[in-house]
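Computation of the quantities below employed the complete heavy-atom set of this structure, encompassing side-chain atoms and omitting hydrogens, waters and symmetry-equivalent molecules. Protein chains get the first letters and strands the later ones, always in sequence-line order, with residue 1 at the start of each.
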There are 2 protein chains.
Amino acid sequence: MSDDARPRPVTRADVARYAGVSTAVVSYVLNDGPKAVAPLTKERVLDAVRVLGYRPNLAARALSKGQADMLGLLVNDNRNPFFAELCHALDQASADRSKQLLIVNSDRMQVTTSEQIRDLVSRQVSGLIIASVLTAGEQALVETLNIPTVMIGQFGDTDGLAGVGVDFAAGARMGVEHLIEHGYTDIAFIGSAARHDGRERGWREALGAAQLTPGALVHTTFSYEGGYDVGQQLARGDALPRAVLAASDQIATGLLTALRQGGVRVPEDVAIVGFDGTTAVDYVWPRITTVVQPREQMAETAIRALLEPDTVPRYVEFATQLRVRESCGCSVTD
Amino acid sequence: MSDDARPRPVTRADVARYAGVSTAVVSYVLNDGPKAVAPLTKERVLDAVRVLGYRPNLAARALSKGQADMLGLLVNDNRNPFFAELCHALDQASADRSKQLLIVNSDRMQVTTSEQIRDLVSRQVSGLIIASVLTAGEQALVETLNIPTVMIGQFGDTDGLAGVGVDFAAGARMGVEHLIEHGYTDIAFIGSAARHDGRERGWREALGAAQLTPGALVHTTFSYEGGYDVGQQLARGDALPRAVLAASDQIATGLLTALRQGGVRVPEDVAIVGFDGTTAVDYVWPRITTVVQPREQMAETAIRALLEPDTVPRYVEFATQLRVRESCGCSVTD
DNA sequence: CTGAAAGCGCTTACAG
DNA sequence: CTGAAAGCGCTTACAG
């Protein structure tokens with residue numbers, strides 16, 4: 001049995017003493033620089049590290065370097081499936097570059113988002129990833145903070161911060177065009193009331209290009225519930241659209257559920273196309289056809305934008321892809 | 001316009017100088033101790049803080065205190081809806097106690113779980129929350145680390161670590177009993193191959209108590225796909241169980257989707273009860289009846305177990321609740 | 001190739 | 001009630 005309660009943790013001084021070198025040398029070995037170390041000395045140090053079970057104190061290193069090898073991630077709500085998948089991808093991508101992700105939900109009641117941003121910076125994160133919508137004030141704050149920052153998922157290139165995302169309008173057009181190919185002419189859009197949602201614009205554009213009158217335009221919250229509420233109203237009313245483009249998979253899922261609960265058939269009565277490409281919409285029935293955002297690529301690019309800004313353009317817009325399932329009326333053999 | 005590139009951040013020395021006090025006093029004010037400060041002096045310090053826009057360097061504080069005001073959370077995959085919700089609840093609960101959560105996915109390829117645990121500790125987290133299953137070796141490691149640790153969601157009280165979770169067996173019994181009340185007698189269980197899953201035991205116990213022969217016992221992975229695969233096999237075969245208890249909502253959802261895709265009606269042909277109580281299963285159709293784990297309470301208790309261990313028993317087992325929807329055969333007016 | 005030493009920005013016993 | 005100073009455990013210019 002080993003002793004418990006090892007009161008004083010092993011420090012680099014212990015390692016230096018054990019290996020018979022200076023503490024500087026221990027650092028050189030552990031960090032592979034900035035100075036070279038003789039092979040034999042290096043061996044002795046590594047041995048000491050092994051024997052003593054030494055682990056660097058990362059808080060000390062962070063203080064010394066002014067940087068904690070962490071990246072701060074601000075997300076509105078990590079439970080949202082799309083953002084959960086994005087968080088996961090970001091976690092992997094930052095781990096690839098040996099950074100930890102400090103994830104913070106901005107829907108906290110107790111503290112303002114600005115406060116959270118400041119706290120992240122106080123912790124010496126080397127960069128900020130913003131996966132939620134900022135107010136003008138919050139954005140101004142970030143800019144004065146003078147820390148590498150990238151917006152992900154949503155950004156306007158009017159502002160000063162770097163951004164990674166998809167072309168919402170093109171994605172929406174793709175979805176609507178697919179519905180048009182099915183022969184539907186009455187195509188509604190369900191999305192948020194945000195001022196300039198590219199998805200809403202893309203919906204409109206695709207209909208215009210096909211000489212179709214826009215169908216109903218419904219604004220709701222970005223959540224299962226938002227879609228569900230709309231679905232209930234539609235199911236009760238008498239003016240069902242023939243097809244719907246939903247601005248998110250969550251909305252699409254809530255909509256689908258309410259419609260079916262209300263006895264409306266999907267896709268026979270109402271066809272649905274979602275947006276995001278989350279895994280979850282492949283596990284409802286009918287499975288939801290959706291516009292896929294390439295989240296691994298987005299995550300990878302966002303991390304690069306932070307750590308190697310010169311290798312990445314200021315704004316990166318990825319193309320989306322249509323994942324065809326049954327909710328649009330296609331019959332998929334799978 | 002304000003200057004950009006503020007090279008040297010404001011430190012507590014600047015504040016002290018501006019306020020005409022020592023740096024110690026600044027600390028006393030900012031930390032409300034350990035010494036009292038005269039009201040007027042305090043005012044001057046707070047003023048200086050405001051004017052200079054001072055923010056403490058949390059890495060320095062962490063080094064000094066040997067503790068970073070962070071809690072490390074190890075989760076297998078934050079995309080799993082139940083764990084996403086648990087992470088969110090833990091985030092809120094730790095924010096209530098002004099700790100940040102350092103979330104780490106243990107499904108990373110590049111690095112072992114033990115390595116991740118060590119890294120968390122190196123970062124001076126003041127506690128560890130383990131929301132994933134540890135190997136014996138990993139668990140032994142955690143114990144030698146001598147840091148406050150709590151397992152959440154899953155724990156065996158044979159081991160040395162504190163734990164918070166639900167009574168899996170009782171929860172499963174509750175689910176099965178509900179299916180029995182519906183009059184079903186052929187009730188299957190779909191879960192993992194883990195050695196001692198309380199849910200499997202509870203299923204068996206409830207059937208035994210009702211003098212019913214256990215139905216099929218199917219082992220699969222804990223994922224949408226695991227449930228989907230089983231559902232496809234069942235739909236193709238000719239031996240459909242009349243009812244199923246799934247060990248997780250994800251399994252239940254995958255199962256439901258595959259069954260419906262295969263033309264099997266739920267609940268008319270096969271009734272389903274899930275486990276976890278995630279939000280998502282309220283947004284599939286039919287909505288899935290599920291055994292709810294009280295995740296806010298669990299999260300709150302886990303955080304308390306770490307920060308105020310004396311106020312919490314070593315093992316806390318919460319009761320589950322049945323959330324009745326349509327998948328079991330109930331008709332819910334909602 | 002190696003070491004002595006200053007510095008990072010806090011906290012906190014100790015003295016007054 | 002306040003301050004001077006040591007200490008936390010690293011990194012890294014500087015000197016040799």
Side-chain angles (χ1 to χ4, degrees), chain A residues 6-46 48-49 52-70 118-119 121-126, chain B residues 6-46 48-49 52-70 118-119 121-126:
Chain A
R6 186 182 301 177
R8 200 176 61 79
V10 180
T11 72
R12 132 246 80 161
D14 301 317
V15 174
R17 201 173 309 122
Y18 188 97
V21 298
S22 74
T23 60
V25 169
V26 178
S27 279
Y28 300 155
V29 171
L30 260 31
N31 303 333
D32 255 328
K35 303 281 168 153
V37 174
L40 265 74
T41 317
K42 189 171 179 171
E43 258 334 301
R44 265 188 301 147
V45 170
L46 291 176
V49 167
L52 300 178
Y54 169 69
R55 294 243 109 201
N57 177 327
L58 263 22
R61 175 200 290 237
L63 171 59
S64 199
K65 304 194 63 162
Q67 187 262 92
D69 280 325
M70 294 196 293
R118 284 186 212 275
D119 184 86
V121 173
S122 297
R123 287 182 191 278
Q124 312 299 109
V125 298
S126 30
Chain B
R6 185 181 301 177
R8 200 176 60 79
V10 180
T11 72
R12 130 246 79 161
D14 300 318
V15 175
R17 202 172 309 122
Y18 188 97
V21 299
S22 73
T23 61
V25 169
V26 178
S27 279
Y28 301 154
V29 171
L30 260 30
N31 303 334
D32 254 327
K35 304 280 170 155
V37 174
L40 265 74
T41 316
K42 189 170 180 174
E43 260 332 302
R44 266 190 298 147
V45 170
L46 291 177
V49 167
L52 301 176
Y54 169 69
R55 294 244 110 201
N57 178 325
L58 264 22
R61 174 199 291 236
L63 171 59
S64 199
K65 304 194 61 160
Q67 190 260 90
D69 279 326
M70 294 196 293
R118 284 187 212 275
D119 184 86
V121 173
S122 298
R123 287 182 191 278
Q124 313 298 110
V125 297
S126 29

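- Legend: residues meeting salt bridge (charged side-chain N to carboxylate O under 4.0 Å, His left out) with A:R12, ordered by chain and number and at least two apart, are absent.
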Just the table, please: protein N/O against nucleotides 8-10 of chain D N/O, every pair under 3.5 Å.
| from | atom 1 | to | atom 2 | distance (Å) |
| --- | --- | --- | --- | --- |
| D:dC10 | OP1 | A:Y54 | OH | 2.8 |
| D:dC10 | OP1 | A:N57 | N | 3.2 |
| D:dC10 | OP2 | A:R12 | N | 2.9 |
| D:dC10 | OP2 | A:Y54 | OH | 3.4 |
| D:dC10 | O5' | A:Y54 | OH | 3.1 |
| D:dC10 | O2 | A:S64 | OG | 3.1 |
| D:dC10 | N4 | A:R12 | NH1 | 3.2 |

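- A search for side chain to side chain contact (heavy atoms under 4.5 Å, CB included) contacts involving B:V49 returns B:V15, B:L30, B:V45, B:Y54, not counting sequence neighbours.
- A distance-only check finds a donor-acceptor pair linking the side chain of A:R44 to the backbone of A:A19 [under 3.5 Å].
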Practice prompt. Whenever both distances are under 3.5 Å in a Watson-Crick or G-U wobble pair, mark it; put DNA chain D into dot-bracket that way, with [ ] for crossing pairs and | when the partner is on another strand.
Written response: |||.||||||||.|||
Discussion item. Pair B:T41, B:V29 - check side chain to side chain contact (heavy atoms under 4.5 Å, CB included), show working.
Written reply: CA-CA 9 Å; B:T41 316; B:V29 171; 6.0 Å; no
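- For B:A59 against A:Q124, the heavy-atom pair with the smallest separation is CB-CG, 3.8 Å.
- Closest to the side chain of A:A24, out of D:dG3, C:dA4, C:dC1, is C:dA4.
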Below 3.5 Å is the cut-off: list the nitrogen or oxygen pairs between protein and nucleotides 14-16 of chain D, distance only.
| from | atom 1 | to | atom 2 | distance (Å) |
| --- | --- | --- | --- | --- |
| D:dC14 | N4 | A:K35 | NZ | 3.3 |

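- Separating the NZ atom of B:K42 from the P atom of D:dT2 is a distance of 11 Å, rounded to the nearest angstrom.
- For C:dA5 and C:dC1, the P atoms lie 23 Å apart once the distance is rounded to whole Å.
- Sorted by first and then second residue, the side chain to side chain donor-acceptor pair (under 3.5 Å) pairs with a member in residues 15-33 of chain A read A:D14-A:R17, A:N31-A:R61; sequence neighbours excluded.
- A straight line from CG of B:L30 to P of C:dT11 spans 7 Å, rounded to a whole angstrom.
- For the residue pair A:R123 and B:A68, the shortest heavy atom distance occurs at NH1-O, 2.9 Å.
- A distance-only check finds a donor-acceptor pair linking the side chain of B:S126 to the backbone of B:M70 [under 3.5 Å].
- The separation between B:D32 atom CG and C:dT11 atom C1' is 15 Å, rounded to whole Å.
- Straight-line distance between the P atoms of D:dC14 and D:dC10: roughly 24 Å, to the nearest whole Å.
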Discussion item. Side chain to side chain contact (heavy atoms under 4.5 Å, CB included) for A:V26 and A:V21? Distances and angles first, verdict last.
Written reply: CA-CA 7 Å; A:V26 178; A:V21 298; 4.0 Å; yes
